[in-house]
Participant: 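Could you have a look at this structure, given as structure tokens, before my questions?
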Amino acid sequence: MTVLHLRSEQKPLEHRSALTPTTAKALIDAGYTVNVERSPIRIFDDAEFADAGCTLVDEYSYPTVPKDHIIIGLKELPEESFPLPHTHVQFAHCYKNQGGWQDVLSRFPRGGGTLLDLEFLTDKTGRRVAAFGYHAGYAGAALAVAAWSHQLADPTKSMPSVKPYANQDLLLDDIRGRLAEGEKIAGRKPRVLVIGALGRCGRGAVDLCKQAGIPEENILKWDMAETAKGGPFTEIVESDIFVNCIYLSDPIPPFLNAESLSSPNRKLSVVCDVSCDTTNPHNPIPIYTENSTFTNPILPVEGYKEPPLSVISIDHLPSLLPREASEAFSSALLPSMLQLKERKEARVWQQAEELFQKHVQRLPEGMRQREM
């Protein structure tokens, strides 16, 4: 019998879940055993999983469970060094030369474990089988609108911390109110430029802008055709809000830089980098070097005052709407999860393991030797 172990997320303010009570029940009905770590922060109560037929286990117990149990999670594990002997299904953020990627990846071969990275599960067409992109774009645009309004009201103070919303309606009510406050001060609604507008993430950002009440003509929707000439782009600095939703796979010219930001026509005051490739050496938004958080949502870009310029670079934006984001992601992931019992024959998992082995070979030999 295949046993799945849903771990409690350890990233601060991460309320999402890779499995929901609904998808866990579907897996149990298909013959899986699903153990769920108790969690005080998960958006779904422990009792919801118990009612679905899951077995509740101690929080953070995953390192000690039998090695044939498959560990299911979302965000990366804490920065620790002990080897990992299990198969882990999660986002690990270590395949694109991110800072510290070798230390993250090496824990798996050193322990005899395997990483099946959720970011790289694709169907036959190469499209990701499940992604949080839509809700990432939606939440990122929401915070960008809130930041635009806040900076108009009081540019000398940092934006207050934000907390996840229990549902989407509450978020929209809040953002509509903030947009109205900003409009009173500016005498207009913001101009928003979304790059990557045709993808999941970009569609989420555009939908938020529309639903919040920003007119269609104020929303510039760019994708590969508009960016083909290469940046920097004056249209970005002449907009109030820039939301970056691209998936970065290859080096590209920067979308903006110090020279373009020096334009006397600059209106840009808020950049939301939903893609959040902070440590990627090819980050097309080279104006910040650290992530922002729900506690400190915006980072000021030094040297810009009229208007001030801030960056939102939160790497778990969908957690602003944890229930809706989790349900959408887990439902999309379910068909692949149902194939885990036969993962050696299932194309999506075969491909994930081959990719893992490929990147393990990039490690220095001493970092990929199993520790006995």
Side-chain angles (χ1 to χ4, degrees), residues 11-13 79 93 96-100 136-137 139-162 178-179 181-182 185-186 188 190-196 205 220 222 227 230-246 248 251-317 320:
K11 189 178 184 70
L13 300 177
E79 293 182 5
H93 307 297
K96 297 192 291 183
N97 297 325
Q98 293 95 332
L143 291 182
V145 172
W148 175 77
S149 177
H150 170 79
Q151 289 186 171
L152 287 169
D154 194 344
T156 64
K157 290 185 179 179
S158 182
M159 182 174 167
S161 64
V162 296
R178 293 174 186 245
L179 179 63
E181 292 172 2
I185 299 170
R188 58 180 178 81
R191 182 192 196 208
V192 183
L193 193 155
V194 178
I195 293 186
L220 280 70
W222 279 25
T227 59
F233 301 107
T234 58
E235 292 89 344
I236 291 177
V237 300
E238 292 174 0
S239 299
D240 299 286
I241 297 171
F242 167 42
V243 184
N244 178 43
C245 295
I246 71 160
L248 182 64
I252 58 174
F255 290 154
L256 47 77
N257 57 19
E259 183 178 356
S260 66
L261 288 170
S262 66
S263 167
N265 298 322
R266 178 176 71 88
K267 294 181 180 177
L268 184 68
S269 61
V270 178
V271 173
C272 181
D273 189 7
V274 181
S275 301
C276 211
D277 281 305
T278 312
T279 62
N280 191 311
H282 306 299
N283 183 3
I285 306 176
I287 60 172
Y288 72 101
T289 57
E290 60 182 304
N291 289 341
S292 60
T293 65
F294 284 174
T295 303
N296 296 297
I298 61 175
L299 301 173
V301 181
E302 298 299 329
Y304 300 95
K305 293 184 178 180
E306 295 182 4
L309 179 62
S310 298
V311 173
I312 298 169
S313 56
I314 299 172
D315 65 0
H316 59 126
L317 280 167
L320 200 67

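Since the structure is predicted, the reported quantities are computational estimates derived from the model, not experimental observations.
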Participant: For P300 and S310, work out which heavy atoms get closest and say how close.
Facilitator: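 Residues P300 and S310, closest heavy atoms: CA-OG, 4.2 Å.
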Participant: Do you know which two heavy atoms are closest between V274 and G140, and how far apart they sit?
Facilitator: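 Here V274 and G140 meet closest at CG2-CA, 4.3 Å.
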Participant: Does the E181 side chain pair with the main chain of S149, one donor and one acceptor, at a distance under 3.5 Å?
Facilitator: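 Checking the backbone N and O of S149 against the side chain of E181, no donor-acceptor pair under 3.5 Å is found.
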Participant: For the CD1 atom of I195 and the CG atom of L220, what is their distance to the nearest 0.5 Å?
Facilitator: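 Spacing of CD1 (I195) from CG (L220) equals 10.0 Å.
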Participant: Looking at every heavy atom in both L152 and A186, which two are closest together, and how far apart are they?
Facilitator: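 So the two residues come closest at CD1-CB, 3.9 Å.
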Participant: Shortest non-hydrogen contact from C276 to Y288?
Facilitator: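 It is CA-OH, 3.9 Å.
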Participant: The test is side chain to side chain contact (heavy atoms under 4.5 Å, CB included); show your working for V243 and V192 and say whether it passes.
Facilitator: CA-CA 7 Å; V243 184; V192 183; 4.2 Å; yes
Participant: Kindly compute the distance separating OH (Y304) from OG (S262), expressed to the nearest 0.5 Å.
Facilitator: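 If I round to the nearest 0.5 Å, the distance is 7.0 Å.
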Participant: Which atoms form the tightest heavy-atom contact between L309 and L268, and what is the distance?
Facilitator: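 Here L309 and L268 meet closest at CD1-O, 3.8 Å.
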Participant: What's the separation between atom CD1 in I314 and atom CZ in F294, rounded to the nearest 0.5 Å?
Facilitator: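 I314 CD1 to F294 CZ: 5.0 Å, rounded to 0.5 Å.
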Participant: Find the distance between CG (N283) and CD1 (I252) and round it off to the nearest 0.5 Å.
Facilitator: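 That separation rounds to 9.0 Å.
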Participant: So, S292 side chain and P297 main chain: donor-acceptor pair closer than 3.5 Å or not?
Facilitator: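 Indeed, once roles are kept as given, a pair shorter than 3.5 Å links the two residues.
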Participant: Do L256 and I285 pass the side chain to side chain contact (heavy atoms under 4.5 Å, CB included) test, and can you show the C-alpha distance, the side-chain angles, and the key distance before you say yes or no?
Facilitator: CA-CA 6 Å; L256 47 77; I285 306 176; 4.1 Å; yes
Participant: Take F242 and V237, measure what side chain to side chain contact (heavy atoms under 4.5 Å, CB included) needs, and give me the verdict at the end.
Facilitator: CA-CA 8 Å; F242 167 42; V237 300; over 6 Å; no
Participant: Can you check whether S260's main-chain N or O pairs, donor with acceptor, with R266's side chain at less than 3.5 Å?
Facilitator: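 It does not hold such a pair.
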Participant: Tell me whether H150 contacts the main-chain N or O of P155 through its side chain, where contact means a donor paired with an acceptor under 3.5 Å.
Facilitator: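 No; zero donor-acceptor contacts below 3.5 Å.
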Participant: What's the separation between atom CD1 in I287 and atom CD in E302, rounded to the nearest 0.5 Å?
Facilitator: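 CD of E302 is found 12.0 Å from CD1 of I287.
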Participant: Determine the minimum heavy-atom distance between Q151 and V270, stating which atoms define it.
Facilitator: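 Between these two residues, the closest heavy atoms are NE2-CG2, 4.0 Å.
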Participant: Regarding R188 and D240, does a basic nitrogen lie under 4.0 Å from an acidic carboxylate oxygen?
Facilitator: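 Salt bridge present between R188 and D240.
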Participant: Just wondering, more than 12 heavy atoms not from K267 lying within 6.0 Å of its NZ?
Facilitator: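 Not buried by this count: 12 neighbours or fewer within 6.0 Å.
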Participant: At what distance, to the nearest 0.5 angstrom, does CG of L193 lie from CZ of F255?
Facilitator: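 Here the rounded value is 10.0 Å.
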Participant: Just by distance, do the side chain of S161 and the backbone of N296 share a donor-acceptor pair under 3.5 Å?
Facilitator: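 Answer holds: no.
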Participant: The test is side chain to side chain contact (heavy atoms under 4.5 Å, CB included); show your working for L317 and L320 and say whether it passes.
Facilitator: CA-CA 6 Å; L317 280 167; L320 200 67; 5.8 Å; no
Participant: With a 4.5 Å limit on heavy-atom distance, are the side chains of S263 and T234 in contact?
Facilitator: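 Counting from C-beta outward, S263 and T234 never come under 4.5 Å.
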Participant: Is any side-chain heavy atom of E235 closer than 4.5 Å to one of W222?
Facilitator: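 Side-chain contact under 4.5 Å: yes.
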Participant: Please confirm whether the backbone N or O of K96 pairs with a side-chain atom of Q98, one donor and one acceptor, at under 3.5 Å?
Facilitator: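 Yes, Q98 side chain to K96 backbone: donor-acceptor pair under 3.5 Å.
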Participant: For residues L13 and T295, determine if any side-chain heavy atom of one lies less than 4.5 Å from a side-chain heavy atom of the other.
Facilitator: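 Result yes, sub-4.5 Å side-chain heavy-atom pair found.
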Participant: So, the side chain of S239 versus the backbone of I241: is there a donor-acceptor pair under 3.5 Å, distance only?
Facilitator: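 No, S239 side chain to I241 backbone: no donor-acceptor pair under 3.5 Å.
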Participant: Backbone N or O of E290 within a donor-acceptor pair of the S313 side chain at under 3.5 Å?
Facilitator: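 Checked: pair present.
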